[in-house]
Q: 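The structure is given below, and queries will be raised subsequently.
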Amino acid sequence: MIRTLSRLRWPLYGGYLLLTVLALMMAFTPGLALLGLPPERVTFTPAMLTGLPWSLPLFLLKLDSVTTLAVALVANLLNVAVGLMLVKAGE
């Protein structure tokens with residue numbers, strides 16, 4: 001089990017990075033245009049989900065869109081950094 005997880009740590013981290021990039025693309029209009037979606041489909045929910053646990057207050061509080069986007073971006077950046085540290089620590 002440990003060997004399997006150690007072999008999968010980089011692909012799992014890469015998959016998480018891909019999900020994070022797609023979630024953040026859905027929070028911006030140019031990203032939606034690249035995905036072929038109309039600008040009315042802007043949503044912060046995927047970015048809030050990939051930013052958990054740091055973005056948990058966004059589910060509990062009703063904030064304006066600029067603050068929500070800023071907190072979601074910082075939460076995702078923290079998760080990417082912590083994930084990279086965890087993946088590299090296993091080597």
Q: Between atom CG of Leu73 and atom CZ of Phe44, what is the distance when rounded to the nearest 0.5 Å?
A: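 Answer for the CG-CZ pair, Leu73 versus Phe44, is 9.0 Å.
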Q: Looking only at heavy atoms, which two atoms of Thr67 and Leu63 are closest? And how far apart?
A: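 Taking every non-hydrogen atom into account, CG2-CD1, 3.9 Å.
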Q: Test of understanding: with side-chain hydrogen bond (donor to acceptor under 3.5 Å, both in side chains), list the residues that count as partners of Thr29, not counting sequence neighbours.
A: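 In terms of side-chain hydrogen bond (donor to acceptor under 3.5 Å, both in side chains), with neighbours along the sequence ignored, Thr29 is linked to no residue.
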Q: If hydrophobic clusters are built from ILVMFWY residues whose side chains come within less than 4.5 Å, do Tyr13 and Leu8 share one?
A: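 Tyr13 and Leu8: separate clusters.
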Q: Would you give the length of the straight line joining atom OG1 of Thr50 to atom CG of Leu24, rounded to the nearest 0.5 angstrom?
A: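 Reported to 0.5 Å precision, the distance equals 6.0 Å.
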Q: Hydrophobic clustering (ILVMFWY, side-chain heavy atoms < 4.5 Å, transitive) - are Leu60 and Met48 grouped together?
A: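 Different clusters.
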Q: Give the cluster check for Leu61 versus Phe59: same hydrophobic cluster or not, with ILVMFWY residues linked at side-chain heavy-atom distances below 4.5 Å.
A: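 Per the 4.5 Å side-chain linkage, Leu61 and Phe59 are co-clustered.
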Q: Identify the two heavy atoms, one from Asn76 and one from Ala47, that lie closest to each other, and give their separation to 0.1 Å.
A: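 Closest pair (atom of Asn76, atom of Ala47, distance): ND2-O, 3.1 Å.
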Q: Evaluate the side-chain proximity of Trp54 to Val71: yes if any heavy-atom separation is below 4.5 Å, no if none is.
A: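 Val71 does not reach Trp54 side chain to side chain.
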Q: Roughly how far, to the nearest 0.5 Å, is CG of Leu12 from CG of Leu17?
A: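 Answer for the CG-CG pair, Leu17 versus Leu12, is 11.0 Å.
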Q: Cluster question for you: counting only ILVMFWY and a side-chain heavy-atom cut-off of under 4.5 Å, with indirect links fine, are Leu69 and Leu77 together?
A: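 Shared cluster, no.
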Q: Supply the atom-to-atom distance Leu19 CG to Leu49 CG, rounded to the nearest 0.5 angstrom.
A: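 So the gap between those two atoms works out to 10.5 Å.
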Q: Would you name the heavy atoms of Pro38 and Leu32 that are closest together and state the gap between them?
A: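 Closest pair (atom of Pro38, atom of Leu32, distance): O-CD1, 3.7 Å.
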Q: Going from CG on Asn79 to CG on Leu86, what distance comes out if it is rounded to the nearest 0.5 angstrom?
A: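 One finds 10.0 Å between CG of Asn79 and CG of Leu86.
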Q: Minimum heavy-atom separation for Leu35 to Met26, with atom names?
A: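 The answer is CD1-CG, 3.9 Å.
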Q: Yes or no on side-chain contact (heavy atoms from CB on, under 4.5 Å) for Phe28 and Val42, after CA distance, side-chain angles and deciding distance?
A: CA-CA 6 Å; Phe28 291 101; Val42 169; over 6 Å; no
Q: Identify the heavy atoms of Leu58 and Thr68 that sit nearest to each other, and give their distance.
A: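 Here Leu58 and Thr68 meet closest at CD1-O, 3.8 Å.
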